[in-house]
Amino acid sequence: GVAEMGGRLVLLPTSVPNGMISPPSARAFAPGAESPLSAAPSRSASPYGHSRPGPSSSSPAGGSESIQVVVRVRPLSHDERARGDVECVYCADDGCTVQWMDEGHARGSRGVMDRSHGLTTLRSLTVDACLAGSVQAPVFQAARAGNLLMDALSGYSVTIFAYGQTGSGKTFTMTGPDSIDYGREAAAASLDDGPHGLIPRVLSDLFELTAHGREHAGVTVSASYLEIYNEQLNDLLNPASVNLQLRHEARLGPFVQNLLQVECESLGDAMAVLAEGTRNRKVSSHQLNKDSSRSHCLMTLHLKDANTGCTGRISLVDLAGSERLKDSCSEGAMASETGHINRSLFALGNVISSLSDARRRQGHIPYRDSKLTKLLMDSLGGDGRTLMLACVSPSLHMLEETANTLLFASRAKNIQNRPTVQVDAQGLQLQQLQASMRALQEENADLGRRLAAASAAPRGFSSEHAARPSEPSPESAAPASDEAPGAVVAVESAAPFAAAWAGTSSSRGDAGRGAGIGGGAGG
């Protein structure tokens with residue numbers, strides 16, 4: 001409900017899950033100002049909402065759907081706790097609403113709530129899922145990654161990308177802590193309760209489906225791993241292959257020329273690809289993050305179903321975090337890296353702003369402003385299914401960057417995609433022609449067997465007629481002289497006629513020869 005208190009409109013309080021700082025007793029905003037909740041996207045059309053069984057069932061074929069957004073609030077770090085930072089971001093009990101303190105109010109109060117009146121200003125955003133903490137398994141469930149995986153196996157192009165400021169937990173969410181060994185020997189380890197990130201969990205589920213599901217038995221998997229470092233495309237599976245060229249083809253869309261793709265026959269192969277790419281990506285340390293990613297990384301799984309011709313794809317994107325030089329204190333090469341990272345993220349923000357505005361999306365969309373936006377062209381306003389993981393810090397010290405990330409997520413949620421099943425038409429036609437050729441070969445082989453069996457039987461002899469008495473049949477009893485020369489004798493079957501003639505040939509030898517039947521002068 002809404003009540004008036006001290007000349008301000010007040011919304012009734014919202015509870016916060018246990019283990020977090022207690023929320024204010026009410027949320028207030030100035031009269032005439034737009035309520036934060038009024039601008040929140042509706043969940044009724046969300047394919048990943050809790051009331052929906054999955055993405056495929058919520059959108060009609062050829063229809064449009066919005067990009068899905070999941071917000072993850074990491075815990076306060078050790079340094080933030082030592083500094084005495086206050087939490088200012090909360091996840092509501094409904095699991096879909098994220099709340100944060102208004103920046104102007106928080107700056108004025110320095111993070112101290114007005115206990116005398118029990119009021120502070122909170123802003124809210126409704127997303128598809130919101131979760132806090134460091135446990136990894138709920139992220140996979142909240143993102144409905146299993147449904148997205150099934151979509152990719154059905155021929156859709158799926159993209160999951162993590163966005164947020166530096167140090168907000170993007171890489172931890174996507175791959176897990178640096179201490180994990182993703183080599184072949186670790187592939188058999190259980191991922192259910194471990195600290196593994198979203199990518200290894202997707203790989204585990206993918207090969208579980210292809211190994212034990214009959215409907216996906218014909219699916220082949222290949223993987224590639226690249227990074228965008230200072231606006232250069234580098235192959236993380238082949239470190240010597242740098243500054244690759246980005247091409248565009250009408251049928252394939254944007255692709256990286258000469259990018260290595262590794263065939264993965266097992267989970268161990270895919271984990272080895274992840275380990276190699278993670279080891280080769282560029283990471284540095286600065287004031288805000290001791291393991292800061294200095295490049296955008298994209299791991300792509302290419303799925304091809306030999307039975308249906310569908311070619312699905314899963315792009316798992318770990319974006320480098322935005323940062324400010326005055327806070328990170330980066331210098332030299334790291335300052336240049338920061339500039340490239342911020343420019344590409346700025347281009348991504350421009351694309352999302354254009355696509356989220358109903359008026360601007362009909363005009364020019366600046367995909368070509370960066371290589372990152374070119375590669376994500378199908379994922380943003382295109383024919384794929386997209387999930388955004390917005391990672392934020394709860395610290396009041398990072399409130400401004402957190403507010404920018406949540407604004408970015410709000411705009412992304414208004415983007416409409418038109419998911420389309422990708423089919424390799426040429427490959428499917430080739431498979432159909434090969435199937436037709438095999439069917440014709442089998443038919444020819446069967447006809448050959450039947451002809452061989454027929455040629456092996458005695459000519460003009462049938463066991464059915466061999467048992468009959470040697471009496472002429474009514475057709476053969478007529479005198480040969482009654483038949484006009486050159487007349488055609490109509491019989492139902494050649495075999496009875498031959499057998500009957502064989503039985504009467506001895507008594508009609510002279511007449512037969514005189515009539516020209518059986519050879520000799522008459523013949």
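We use all heavy atoms of the structure for the numbers below, so side chains are in, but hydrogens, waters and symmetry mates are not. Numbers here are sequence positions counted from 1.
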Can you confirm whether [X] is buried at [atom1], in the sense that more than 12 heavy atoms of other residues, nucleotides or ligands lie under 6.0 Å from that atom?
{"X": "Glu331", "atom1": "CD", "result": "no"}
{"X": "Phe346", "atom1": "CZ", "result": "no"}
{"X": "Arg83", "atom1": "CZ", "result": "yes"}

Taking atom types as modelled, find out whether [X] and [Y] have a side-chain donor-acceptor pair closer than 3.5 angstrom.
{"X": "Ser353", "Y": "Arg360", "result": "no"}
{"X": "Ser292", "Y": "Arg294", "result": "yes"}
{"X": "Asp235", "Y": "Ser241", "result": "no"}
{"X": "Gln422", "Y": "Asp383", "result": "yes"}

* Salt-bridge test for Arg313 and Asp378: reply yes if a basic N is under 4.0 Å from a carboxylate O, no otherwise. => yes
* Mark yes or no for whether Glu231, through its side chain, and Lys371, through its backbone, hold a donor-acceptor pair below 3.5 Å. =>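 The answer is yes, because a donor-acceptor pair under 3.5 Å joins these two groups.
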* Asked: Sub-3.5 Å donor-acceptor pair from the side chain of Thr402 to the main-chain atoms of Ser393, do we have one?
  ->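 Yes.
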* Asked: Which distance, rounded to the nearest 0.5 Å, do you find between the OG1 of Thr338 and the CZ of Arg343?
  ->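 The distance works out to 10.0 Å.
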* May I have all residue pairs that pass salt bridge (Lys or Arg N to Asp or Glu O under 4.0 Å) and include part of residues 344-358, sequence neighbours excluded? =>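 Listed once each, the pairs are Asp357-Arg359.
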* side chain to side chain donor-acceptor pair (under 3.5 Å) with Ser77: which residues, sequence neighbours excluded? ->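 Testing Ser77 for side chain to side chain donor-acceptor pair (under 3.5 Å), a comparison that skips the adjacent residues, returns Glu80.
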* Check whether any side-chain heavy atom of Leu345 lies under 4.5 Å from a side-chain heavy atom of His296, and answer yes or no. =>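 In contact.
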